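First, the structure itself, so that you have it in front of you.
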Amino acid sequence: MAAELTAQQLTAQHRPTLDRALEAIRTRAYWSPHPEHPKAYGENGSLDLAAGKAAFDVLLGTRLDLGQPGTDGWVDGETSPYGVELGVSYPHADLDVLLPAMKAGMRAWRDAGAETRALVCLEILKRIGDRTLEFAHAVMHTSGQAFMMAFQAGGPHAQDRGMEAVAYAYAEQTRTPGTAEWTKPQGKRDPLALTKRFTPVPRGIGLVVGCNTFPTWNGYPGLFASLATGNAVLVKPHPRAVLPLALTVQVARRVLTEAGFDPNLVALAAERPGEGIAKTLATRPEIRIVDYTGSTEFGDWLEANARQAQVYTEKAGVNTVIVESVGDYRGMLANLAFSLSLYSGQMCTTPQNLLIPRDGVTTDQGPKSFDEVVADLAQAVDGLLGDDTRAVGLLGALVNPGVKDRLEAAAGLGEVALASRGIAHPEFPDAVVRTPVIVKLDGAKPDDEAAYMSECFGPVSFAVAVDSASDAADLLRRTVREKGAMTVGAYTTSPEFEEEVREVCLEEAAQLSLNLTGGVYVNQTAAFSDFHGSGGNPAANAALTDAAFVANRFRVVEVRREA
């Protein structure tokens, strides 16, 4: 079949974007090619919003046939955290048929070269971008995110992360020249002369193990990093969040076909209830790369057992904010209240431990005791979420019953400074919506340590009283070293203490945000500029996205001959 997408078309459409992305990762300045507001998609405002919802509704109760080889049955059973039964069925794969078919297309994909692969990946991202409003509903109804967050994080922000990975992949593959003429002088004798050719070659098949909470945002970096470096990619979604990644695979397969490549370079591996195929897949010899986001337990298992593969994990940590002194007290309270509430705290970057000296802190509003800081923060959260309609738009729904169980158990761990309350969702009565709980703990009590030194995923925060700011820095160091952290925040007006916290984060490889009081939050990162995780502490062994995230997905093979 002749390619419908020619090299000239791909170059004209996407080479300027690739160049701009390469410039963005070099400068780390703000850039995004994907608009952050729904009305930017299409020309008809609310009509386009309705069309996105209609496109999602059409999917409900259908069979998503991807045309994959080795399909031996169909899998369904997804139910939205908002109570909607999706009813979409997906192909179940016979791996002994599918994996060889995926490998068959890799030679032509490898030989196409880094630029062609990058441009095809950007076309995939463009096609996904054209369906952003549809994808937003798919993310919302599998993750429990509220619509605007599902639209932004699951749409433009995820697409940014995918494009960022493509840019890094292209940069690393082209760092070595394709050819070189090598001449070594030999004195009076003729020089030695060789012609050398260098080819980036893929590792094999990459496996993306998707997560429930951010299926596209966390899935796209690994997917596009592996695909852009010449590997085939098998996408294994979380059983409760299949639809967004299945649609992604559908788009990728169509674009690959139109560009003249084997569509089986990207395939889906949906699993039957209780099948647990991630372990089986991760240890198969054909799988040479694994990308995983999820629990520490399974991430550790992958790192220990997928020995034949290069494994990239983003696991869990205990994120900490230190309040030592504050130059904008009201701004701090508002910023932290939003950070604790966003998506019901169901983010790997949400602050959990708030370390505050028991003798209180100095602020621009005068001295504040430990109890006053905690009470004021509780009041700020209450004020933010006081209107139920506004609250559900910020909180979304609890993604699974385990989050609700942890939330309810947390209230028994200490003195409750802010009790969680249930909210009835005006549109989805079956959604479980809960406000955050804040529990006071004492950093000097061994009985409290078990709580604040363990991750409690969800809308749970611990206000921990410490003896001094230096004790807070010491506890931060121990927490990051033992448990890991995706994010660290600190509020201080002291240059000396700022340097102390900065040194802890440099030594323990934790990403630090200082004195955030405006519209940037500790639990949000921007593609092309911020690194998500560092790869240097137990929370993750990789950063999204840096050169290390892509460089080991391929190797450079040299062929040399006498000139």
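As a basis for the values below, the full set of heavy atoms in this structure was taken, side chains included, without hydrogen atoms, waters or symmetry mates. What you see is a predicted model; the values in this text were computed from it and never measured.
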| query | So, do F528 and Y168 have ring centers that fall under 6.0 Å from each other? | reply | no
| query | Are Q68 and N264 close enough that a side-chain donor and a side-chain acceptor fall under 3.5 Å? | reply | no
| Can you tell me if R555 and T229 form a side-chain donor-acceptor pair at under 3.5 Å? | no
| said: When you compare the side chains of T132 and Q159, does any donor N or O come within less than 3.5 Å of an acceptor on the partner? | reply: yes
| Would you say the side-chain atoms of Q152 and H37 include a donor-acceptor pair closer than 3.5 Å? | no
| said: Side chains of T213 and Y343 only: does a donor on one sit below 3.5 Å from an acceptor on the other? | reply: no
| request: Determine whether the side chains of H532 and E314 contain a donor N or O and an acceptor N or O closer than 3.5 Å. | output: yes
| request: Evaluate salt bridge (charged side-chain N to carboxylate O under 4.0 Å, His left out) for R20 paired with E23, printing each intermediate quantity in order. | output: CA-CA 5 Å; R20 186 64 186 84; E23 177 69 5; 5.9 Å; no
| request: Please answer whether the main-chain N or O of R553 pairs with a side-chain N or O of Q310 as donor and acceptor at a distance below 3.5 Å. | output: no
| task | Find the distance between CD (Q173) and CZ (F554) and round it off to the nearest 0.5 Å. | result | 5.0 Å
| Are the side chain of Q352 and the backbone N or O of F457 linked by a donor-acceptor pair below 3.5 Å? | no
| Quick one: do the E498 and T492 side chains pair a donor with an acceptor below 3.5 Å? | no
| field | Pair H141 and F428, ring centroids less than 6.0 Å apart | value | yes
| message | For a quick check under 3.5 Å, do R28 and S529 share a side-chain donor-acceptor pair by atom type? | response | no
| Main-chain N/O of W301 paired with N305 side-chain donor or acceptor, under 3.5 Å | yes
| Judged by atom type as modelled, is there a donor-acceptor pair below 3.5 Å linking the side chain of N541 to the main-chain atoms of V311? | yes
